[in-house]
Amino acid sequence: MHTPYYKPSGKFNPISFLYLIIAVFIAVPILEFVYAYAILYIPIVYVNILCVAGIAFGLGFVANFVVGMGKVRNKPFAFFIGLIVGLAGLYCSWLVWLLYHVMDQSFAFSSFMVLVENPAMCWEALWEINALGTWSVGRTSSSNISGTMLTVVWGIEAAAMILTPLFFAYSKSREPFIENDDVWANITKIGPFEFITDKTKLKKQLETKNYQQLLEAKPLTDEQNSSHAIFTLYHNKKRVHGNEFYVSVSNMKERITKKGNVTHDESVLIQFVRVPAETGKQLLAKIGTSAEAPTTENEELSS
């Protein structure tokens with residue numbers, strides 16, 4: 001059965017292997033060196049949590065970059081790239097951390113290589129440190145976090161470092177790619193339009209090639225309610241001269257924070273639906289009657 005949704009071709013550029021090697025041996029170690037010393041020299045546990053989030057997104061960006069530059073439209077291979085980046089990041093962070101605790105608390109390349117070449121020694125040292133602990137929570141705490149509790153903390157850190165690049169890499173590989181042009185699709189966000197209340201109706205229409213609801217969408221005019229819909233159009237670089245278009249639709253639900261600020265929670269209603277060239281051009285024409293949202297994807301990755 002022919003699907004109305006975009007389906008990745010499964011192809012990739014062999015140069016993606018080179019990008020992966022560069023990422024694993026240059027980009028990832030640099031990120032992990034900074035991360036490891038940040039958590040070692042910043043004694044505030046709650047700041048360390050932010051550091052974990054930072055390194056996770058940093059590794060995610062690296063994985064996304066490798067998939068994007070390598071033009072990877074193969075989801076299993078993208079998954080592999082994310083996994084390798086995540087595992088490399090976790091291993092490098094442990095090596096730098098162990099170097100600090102085991103080898104005179106100073107960095108030396110020769111000592112670093114000793115650890116790299118002796119994973120069994122690293123594993124044994126980790127569990128010796130696990131039994132004793134190296135940090136505590138709060139100034140009044142009289143004992144270090146160790147044993148099972150420390151293992152749980154390490155597990156959360158490991159999950160963040162591995163799962164985040166997996167997600168970033170896999171998500172990038174699913175994005176529309178213009179095979180005829182051999183580039184990632186350019187992205188244009190159009191809106192805001194009136195909030196879409198019937199997700200099921202929209203999905204059924206688009207899957208049956210009925211684009212009336214999209215084409216008749218009205219610009220948001222109700223200033224009392226900033227909840228709205230946004231159309232994300234994926235297309236050839238030359239826009240109106242292209243013949244390949246895909247669209248995603250999201251609702252942006254208004255929410256007031258505790259501080260009184262207005263923010264929006266995004267809910268994706270439908271993603272990467274193929275639309276005819278004429279419909280795509282008509283959607284682009286709506287830019288003239290609505291406030292075009294900024295492009296969210298760096299177009300340099302599509303070249």
Side-chain angles (χ1 to χ4, degrees), residues 6 8 10-13 15-40 42 46-97 152-177 183-187 189 232 234 248 250 263-268 271-272 293-303:
Y6 168 77
K11 300 177 181 179
F12 61 89
N13 192 321
I15 200 173
S16 55
F17 286 104
L18 175 60
Y19 291 130
L20 180 58
I21 291 172
I22 293 173
V24 168
F25 289 99
I26 298 179
V28 170
I30 291 174
L31 285 175
E32 293 298 346
F33 183 87
V34 173
Y35 164 72
Y37 274 88
I39 62 173
L40 286 170
I42 299 177
Y46 306 105
V47 175
N48 292 165
I49 294 174
L50 295 178
C51 290
V52 173
I55 189 61
F57 278 95
L59 294 173
F61 175 82
V62 170
N64 180 283
F65 183 83
V66 172
V67 172
M69 293 298 294
K71 300 179 180 179
V72 179
R73 295 91 78 194
N74 184 297
K75 290 187 285 188
F77 184 44
F79 189 90
F80 171 78
I81 289 174
L83 181 63
I84 293 300
V85 169
L87 290 175
L90 181 64
Y91 189 52
C92 284
S93 71
W94 279 119
L95 292 179
V96 177
W97 190 82
V152 171
V153 173
W154 285 355
I156 294 173
E157 178 190 50
M161 287 193 191
I162 294 174
L163 296 180
T164 305
L166 276 176
F167 174 77
F168 274 66
Y170 184 80
S171 297
K172 180 62 181 178
S173 71
R174 294 179 61 249
E175 291 183 7
F177 189 91
V183 295
W184 294 102
N186 276 25
I187 301 173
K189 287 198 171 185
T232 304
Y234 300 82
S248 295
S250 297
T263 186
H264 292 86
D265 295 325
E266 182 176 9
S267 174
V268 179
Q271 196 171 40
F272 307 149
T295 299
T296 60
E297 194 71 37
N298 188 339
E299 293 185 359
E300 291 180 1
L301 291 181
S302 65
S303 60

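The first residue in the sequence is number 1, and the count goes up from there. For clarity, every value in this text was computed on a predicted model and none was experimentally measured. We use all heavy atoms of the structure for the numbers below, so side chains are in, but hydrogens, waters and symmetry mates are not.
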[X] versus [Y]: any side-chain heavy-atom pair under 4.5 Å?
{"X": "Leu83", "Y": "Ile162", "answer": "yes"}
{"X": "Arg73", "Y": "Arg174", "answer": "no"}
{"X": "Tyr234", "Y": "Tyr6", "answer": "no"}
{"X": "Leu166", "Y": "Leu163", "answer": "yes"}
{"X": "Lys71", "Y": "Phe12", "answer": "no"}
{"X": "Val96", "Y": "Glu32", "answer": "no"}
{"X": "Cys51", "Y": "Tyr35", "answer": "yes"}
{"X": "Met161", "Y": "Ser93", "answer": "yes"}

Value rounded to 0.5 Å, distance of [atom1] in [X] from [atom2] in [Y]:
{"X": "Leu20", "Y": "Ile15", "atom1": "CG", "atom2": "CD1", "result": "12.5 Å"}
{"X": "Lys172", "Y": "Lys75", "atom1": "NZ", "atom2": "NZ", "result": "15.5 Å"}
{"X": "Phe65", "Y": "Phe61", "atom1": "CZ", "atom2": "CZ", "result": "6.5 Å"}
{"X": "Phe57", "Y": "Leu31", "atom1": "CZ", "atom2": "CG", "result": "14.0 Å"}
{"X": "Glu157", "Y": "Ile49", "atom1": "CD", "atom2": "CD1", "result": "11.5 Å"}
{"X": "Leu59", "Y": "Phe168", "atom1": "CG", "atom2": "CZ", "result": "10.0 Å"}

Have a look at Ser250 and tell me which of His264, Glu266, Gln271 forms a side-chain hydrogen bond (donor to acceptor under 3.5 Å, both in side chains) with it. Glu266
Show the nearest heavy-atom pair for residues [X] and [Y], with the distance to one decimal.
{"X": "Pro165", "Y": "Ala56", "answer": "CD-O, 4.3 Å"}
{"X": "Thr164", "Y": "Ala160", "answer": "OG1-O, 2.8 Å"}
{"X": "Ala23", "Y": "Val66", "answer": "CB-CG2, 3.8 Å"}
{"X": "Gly10", "Y": "Asn74", "answer": "O-ND2, 2.9 Å"}
{"X": "Ala88", "Y": "Val28", "answer": "C-CG1, 3.8 Å"}
{"X": "Ala78", "Y": "Val67", "answer": "CB-CG2, 4.2 Å"}

Please indicate whether Phe272 has more than 12 foreign heavy atoms, meaning atoms of other residues, nucleotides or ligands, lying under 6.0 Å from its CZ. yes
Give a yes or no on this: more than 12 heavy atoms of other residues, nucleotides or ligands lie within 6.0 Å of atom CZ of Phe80. no
Can you tell me if [X] uses its side chain to pair, donor with acceptor, with the backbone of [Y] under 3.5 Å?
{"X": "Trp184", "Y": "Glu175", "answer": "no"}
{"X": "Ser173", "Y": "Tyr170", "answer": "yes"}
{"X": "Asn48", "Y": "Ile42", "answer": "yes"}

What is the ring orientation for Phe17 with Phe77, classed by angle as parallel under 30°, tilted 30 to 60°, or perpendicular over 60°? tilted
